[in-house]
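Please read these numbers as outputs of a predicted model, since none were measured by experiment. What you see below is based on every heavy atom in this structure, not just the backbone, and it leaves out hydrogens, waters and symmetry mates. Throughout, residue positions are numbered sequentially from 1 according to the sequence presented.
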Amino acid sequence: MRIARFSIDGNVAFGAVEGDKQDELVLDIIKGIPFTDFELSGTKVPLSKVRLLPPVLPNKVVAYGRNYAEHARELGNEVPDAPFAFFKPSTSVIGPGDAIQYPSFSQDLHHEAELAVVIGRMCREVPRERVQDVVLGYTCANDVTARDVQKREKQWARAKGFDTSCPLGPWVETDLDLSTASDLTIQLTVNGEQRQLGRTSEMIHPIADLIVNITEAMTLLPGDVILTGTPAGVGPLNVGDEVAVTIEGIGTLTNKVVKRG
């Protein structure tokens with residue numbers, strides 16, 4: 001099931017996305033929220049009539065850096081022996097079609113296409129054999145980074161946590177199991193030109209390792225998001241660019257870069 005979060009006539013709801021052709025997609029409005037047992041209402045609205053929002057509002061976004069060897073090397077970094085985590089605040093999250101605001105304190109903004117894992121239940125110290133049980137589904141993400149600030153400052157809070165630096169969407173795909181999600185094509189285009197192309201199977205530390213790693217330290221809540229790293233090919237974004245992340249079996253997340261303010 002593809003679960004979207006959307007607004008229509010000033011109301012916000014979740015809905016199940018139905019259909020195959022983009023111009024014929026409809027939303028069957030969900031009774032309740034997708035983190036508990038829910039029912040489909042049978043009330044359907046065309047996707048073209050709603051505004052898609054970030055598919056979840058995470059309490060926290062846990063991101064993993066340098067989890068693809070070629071990406072680590074392209075930036076002159078060593079491949080880490082253990083998973084390397086950082087955070088993006090909830091205020092960094094935007095949805096499909098929302099604008100990425102070019103931060104005033106940077107001159108070198110970069111794209112980073114990523115598979116995002118959406119947590120479906122509160123969990124802590126998850127054993128490897130139970131990882132599938134805590135995953136609601138998967139969505140597309142763009143870990144937008146002020147690369148010059150990242151290089152200049154020892155902490156990455158400003159470089160990767162500024163407002164609008166975490167586009168998510170277009171929806172959460174719940175029908176992917178862990179093994180399938182671990183071998184998907186992930187690509188990114190800027191103005192229609194391909195910049196990144198890889199497979200999630202190229203991760204140094206696979207999805208299960210990341211969930212085990214972070215839940216050893218902290219509790220994850222329903223709707224929390226884990227960013228799993230980016231393949232090689234990261235590069236600059238400029239004001240006016242349209243950037244699109246496409247992940248096999250999930251969909252495409254598109255955002256435009258605008259001048260902040």
Side-chain angles (χ1 to χ4, degrees), residues 1-3 55-56 58 60-75 77-88 111-143 145 156 160 166-169 171-188 196-234 245-253:
M1 180 180 291
R2 295 168 290 176
I3 298 176
V56 290
K60 53 187 170 292
V61 177
V62 182
Y64 280 90
R66 303 169 188 171
N67 199 28
Y68 287 71
E70 290 304 314
H71 167 60
R73 295 188 186 104
E74 74 179 344
L75 296 181
N77 297 313
E78 295 182 358
V79 176
D81 293 330
F84 178 74
F86 60 94
F87 293 96
K88 295 173 81 80
H111 56 75
E112 295 191 7
E114 308 209 6
L115 174 71
V117 183
V118 179
I119 298 300
R121 55 186 290 187
M122 186 169 69
C123 57
R124 181 170 65 93
E125 296 183 347
V126 180
R128 190 172 306 278
E129 62 272 15
R130 295 293 302 277
V131 163
Q132 181 68 57
D133 296 342
V134 306
V135 175
L136 174 67
Y138 302 87
T139 191
C140 306
N142 192 347
D143 177 19
T145 302
W156 293 0
K160 286 179 170 285
C166 190
L168 296 175
W171 40 64
V172 179
E173 175 56 73
T174 66
D175 285 343
L176 296 173
D177 61 23
L178 190 61
S179 61
T180 303
S182 297
D183 190 21
L184 300 173
T185 300
I186 178 170
Q187 61 181 317
L188 179 143
Q196 291 184 264
L197 178 63
R199 297 194 68 82
T200 57
S201 56
E202 297 168 7
M203 292 181 194
I204 300 167
H205 306 288
I207 297 166
D209 287 0
L210 303 182
I211 293 176
V212 169
N213 174 266
I214 197 60
T215 62
E216 286 177 340
M218 67 189 66
T219 300
L220 297 181
L221 301 176
D224 280 351
V225 170
I226 298 175
L227 304 188
T228 57
T230 191
V234 301
V245 178
T246 300
I247 301 180
E248 178 186 0
I250 299 176
T252 298
L253 167 68

### CG (D81) with more than 12 external heavy atoms under 6.0 Å
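No, the 6.0 Å shell around CG holds no more than 12 heavy atoms from other groups.
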### Message
Does E129 have more than 12 heavy atoms from other residues, nucleotides or ligands lying within 6.0 Å of its CD?
### Response
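Result for CD/E129: enclosed.
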Side chain to side chain, [X] and [Y], heavy atoms closer than 4.5 Å:
X    : Y    : value
F86  : K160 : yes
Y138 : I207 : yes
V79  : I204 : yes
L168 : P55  : yes
T200 : T228 : no
L227 : E112 : no
I214 : I226 : yes

N/O donor-acceptor pair under 3.5 Å between [X] side chain and [Y] backbone:
X    : Y    : answer
E173 : I250 : no
T174 : G137 : no
T180 : L176 : no
N67  : M203 : no
E74  : G233 : yes
T246 : T252 : no
T139 : W171 : yes
Q187 : Q196 : no

Please report the interatomic distance [atom1]([X]) to [atom2]([Y]), rounded to the nearest 0.5 Å.
X    : Y    : atom1 : atom2 : result
L184 : I247 : CG    : CD1   : 7.5 Å
Y68  : R199 : OH    : CZ    : 10.0 Å
N142 : E114 : CG    : CD    : 8.0 Å

### Message
Taking salt bridge (charged side-chain N to carboxylate O under 4.0 Å, His left out) as the cut-off, I'd like each qualifying pair that reaches into residues 201-228, sequence neighbours left out, listed once.
### Response
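As it turns out, the salt bridge (charged side-chain N to carboxylate O under 4.0 Å, His left out) pairs with a partner in residues 201-228, which skip direct neighbours, are K60-D224, R128-D209.
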Give me the atom names and distance for the closest heavy-atom approach of [X] to [Y].
X    : Y    : value
A208 : L178 : CB-CD2, 4.1 Å
A113 : V245 : CB-CG1, 3.8 Å
G169 : L253 : O-CB, 3.6 Å
P83  : L210 : CB-CD2, 4.0 Å
S179 : D177 : OG-OD1, 3.0 Å
G65  : P80  : O-CG, 4.4 Å

### Message
K88: which residues meet the salt bridge (charged side-chain N to carboxylate O under 4.0 Å, His left out) condition with it, sequence neighbours left out?
### Response
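Applying salt bridge (charged side-chain N to carboxylate O under 4.0 Å, His left out) to K88 gives D143.
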Contacts table for residues 116-127: side-chain donor-acceptor under 3.5 angstrom, sequence neighbours left out:
none

